[in-house]
There are 2 protein chains.
Amino acid sequence: MHKKVNIKTIAAELGVSPSTVSKALKDSHEIGVETRARVQAFAKMYNYKPNSLALSLRNQKTMVIGVIIPQITHHFFTRVISGIEFVANQKDYNLMICLSKDEYEKEIQNIEMLTNGSVDGLLISIANETLEKGEFGHFERLLNQEFPIVFFDRIPPGIQADKVIVDDEAGGYNAGKLLLSKGRKKLGIISTPEHVTVGVLREKGFYRAIQEAGVEVLPQFNVKIEEKFDIDNQIDQLFTQKEFPDGIFAVNETYAALAMKIAQKRGFHIPRDIAFIGFTDGVISRLTTPTMTTIAQHGHNMGNKAAELVIQRIYEQENDKTPYQTVVISTNIVEREST
Amino acid sequence: MHKKVNIKTIAAELGVSPSTVSKALKDSHEIGVETRARVQAFAKMYNYKPNSLALSLRNQKTMVIGVIIPQITHHFFTRVISGIEFVANQKDYNLMICLSKDEYEKEIQNIEMLTNGSVDGLLISIANETLEKGEFGHFERLLNQEFPIVFFDRIPPGIQADKVIVDDEAGGYNAGKLLLSKGRKKLGIISTPEHVTVGVLREKGFYRAIQEAGVEVLPQFNVKIEEKFDIDNQIDQLFTQKEFPDGIFAVNETYAALAMKIAQKRGFHIPRDIAFIGFTDGVISRLTTPTMTTIAQHGHNMGNKAAELVIQRIYEQENDKTPYQTVVISTNIVEREST
DNA sequence: TTTAAGTACGAAACCGTTTTCGTGTTAAAA
DNA sequence: TTTTAACACGAAAACGGTTTCGTACTTAAA
């Protein structure tokens, strides 16, 4: 690769010192107008751009925000990222995106890599494996150092920090209320294992709505999907017993879409026999048949907020720190044909 | 933020020189065993990690690969990224992902930012606006500098460079053949405007299959979607005329899913009245009703190949350069219910 | 006793910038 | 004619590491 021009080569070429070049490029009037013009013309001609590593090292800031997400193929996270990017971009920050693949070890590696000077702040959505283990020492170390860090969506329970979350409990509650308002009485839920905090919260809200209405969910109408086993089979159990639900809430879009297909295959009509409601703001819900009612999550907003928070932390002075904040992104119901 | 320990602070604390610390940390036997042990213990205790900016500046390599994609919310690109990440990770590279938002200006900004020392190589899928304009000077400058750069999916036409592409033409051809093999004679296509190279190629392959069979596509059965107008209306035109097609190929998954819904709303049965085939490897096709036959693109493979190519270029010596390569990722048909 | 070879460490340069602090020259003021 | 100020520029340190080259000291061989 051909070497790029740098300040030294320009200086040598023009017979001046590096300091002069540096100043001339910033149009400092410490330097004579003629020299300034020569340097600037030369720089433009050779398309000089300052080396950002050197700048970062010198200025002790990189203008980069690190983002660690579990999976990039999850549509929700890409929405969040585009929200982060939107705000970061406005404030001249760039993004360094890393994937933990839901693994504890990779998450630690990513954090170590990013916090060795590469980024000014960090945005994290925690890996499932970390959540399962319940080990958050790697986060606590950073928080003690007062490294700017904001958690979003999947947050560490019981740890003081800046957080941006979806109001999952309220979303689940509203989903339950909606089904009830449609006259559904035999409700079912497709959920996730314990350690997935967002799933648990959505389920909790759903049960709150139901208990308020004095209705009960039969144990066999509560399916907790284990992704390592066949998902279709697990869902199918909802429709193969003597009784079947007439309204189903799934804690994410994919489970809801799958459940709709399986129900239809079993001969049920949607929404006449069974109503369905999903959770997320993905691309799937408006393309299913019938189209799916969902609790919209507004991932883009979440990204905006998270980026704003972390940038605020980065600019904060050592002396006046504001206390940790938790921003809640509210959901709303998008009603379509499935209810 | 509390300052992190660095080599200097360790040196001062232990009463040795920075060089000694540096060597001790690498277990150089230039340093006495006792000193080595003291330094290493101290470093471990204070969780010392070398500053990566300093390392990059010194070593003239960052171990980072830049990736520029038009949109992160496109599922295909996330598959490619996860493929890139897989290979990069194995070879100790990290990713810096930037979004051009399909804008020419942002693409240029991203490139300038990334090539000022931040990354060792670049992976690019070109913005639509750039493709429309046909201005590739910013790429050519980099190529002339022999900066390691690999284009994927959306490539600059007529420019010598390393490229990884999907065999779009063959995919379109196979889609056409499949519809014909199902006895369909009145074929339609939902495509994209001229400048979207991948759409054009898929269309070209489709027409080749059709011409080989001696069939013709009526002009009104060729819809080129303009995203700035209402997409549903544009698609609907296929089903509101005297004649209607009995087999439709859409150059992406979303258009195909939309078209299926619209056709069903118009009372057509799929696949009896009309067969549908889409293009991509997204999450939608197995969740539509009926499930959708598609040409699978294998974005993950594309990411693998692109990463391998660029890393190969990075390691390449100044003297023995290999000629530019174009890797073609072949597609395959995934047949589902819509045909 | 002198010389040679290890051993254990430090000084300094370098990567590409910025910035502070001189310093030599010229022109204006005293 | 001397002092002062303005002007135009350069030297050097700093950011946080690595690495080459010395060098002082010890020990073994001549």
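The sequence lines fix the lettering, A, B, ..., with proteins before strands; numbering per chain opens at 1.
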Check: residues 89-96 of chain A side-chain donor-acceptor pairs under 3.5 Å, at least two apart:
unit_1  : atom_1 : unit_2   : atom_2 : d
A/Asn89 : OD1    : B/Lys106 : NZ     : 3.4

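- Applying the ring pair (Phe, Tyr, Trp, His ring centres under 6.0 Å) test to B/Tyr104 and every residue at least two apart in sequence or in another chain returns B/His138.
- Within residues 5-16 of chain B, the residues that have a heavy atom under 4.0 Å from DNA chain C are, in order of number, B/Val16.
- Evaluation of the side-chain hydrogen bond (donor to acceptor under 3.5 Å, both in side chains) test over residues 301-311 of chain A, restricted to residues two or more places apart or in two chains, returns none.
- Counting only heavy atoms from C-beta outward, the side chains of B/Phe139 and B/Ile111 approach each other to under 4.5 Å.
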For nucleotides 11-13 of chain C, list the nitrogen or oxygen atoms of the protein found under 3.5 Å from its nitrogen or oxygen atoms, one pair per line.
unit_1 : atom_1 : unit_2  : atom_2 : d
C/dA11 : N7     : B/Ser19 : OG     : 3.3
C/dA11 : N6     : B/Ser19 : OG     : 3.4

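- Taken residue by residue, residues 24-40 of chain A places heavy atoms nearer than 4.0 Å to DNA chain D at A/Glu30, A/Ile31, A/Gly32, A/Thr35.
- Rounded to the nearest 0.5 angstrom, B/His300 NE2 and B/Ile84 CD1 are separated by 10.0 Å.
- Rounded to a whole Å, the CG atom of A/Leu53 is 15 Å from the C1' atom of C/dC14.
- No side-chain donor-acceptor contact under 3.5 Å links B/Glu103 to the backbone of B/Ala127.
- For residues 126-136 of chain B, there are no salt bridge (charged side-chain N to carboxylate O under 4.0 Å, His left out) pairs, not counting sequence neighbours.
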Cut-off 3.5 Å, no hydrogens considered: what does the side-chain donor-acceptor table look like for residues 65-74 of chain A, sequence neighbours left out?
unit_1  : atom_1 : unit_2   : atom_2 : d
A/Gln71 : NE2    : A/Asp102 : OD2    : 3.4

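- Taking 4.0 angstrom as the limit, A/Tyr48 places none of its side-chain polar atoms (N or O) nearer than this to OP1 or OP2 of C/dG16.
- Read 5' to 3', the first and last nucleotides of DNA chain D with an atom closer than 4.0 Å to a heavy atom of chain A are D/dA8 to D/dG16.
- A/Arg36 and A/Ser28 are not linked by any side-chain donor-acceptor pair at a separation below 3.5 angstrom, with hydrogens and angles left out of the test.
- Sorted by first and then second residue, the pairs that involve residues 111-126 of chain B and meet side-chain hydrogen bond (donor to acceptor under 3.5 Å, both in side chains), not counting sequence neighbours, are A/Lys4-B/Asn116, A/Lys49-B/Glu112, A/Ser52-B/Ser118, B/Thr62-B/Asp120.
- Partners of B/Glu30 according to the side-chain hydrogen bond (donor to acceptor under 3.5 Å, both in side chains) rule, which considers only residues two or more places apart in sequence or in another chain, are B/Lys23.
- Distance, A/Leu57 CG to C/dT17 P: 12 Å, rounded to whole Å.
- Residue pairs satisfying the ring-ring contact (aromatic ring centres under 6.0 Å, His included) criterion with at least one member in residues 20-66 of chain B, sequence neighbours excluded, are listed as follows: B/Phe42-B/Tyr46.
- In this structure, CZ in A/Arg38 is found 11.5 Å from CD1 in A/Ile31, a value given to the nearest 0.5 Å.
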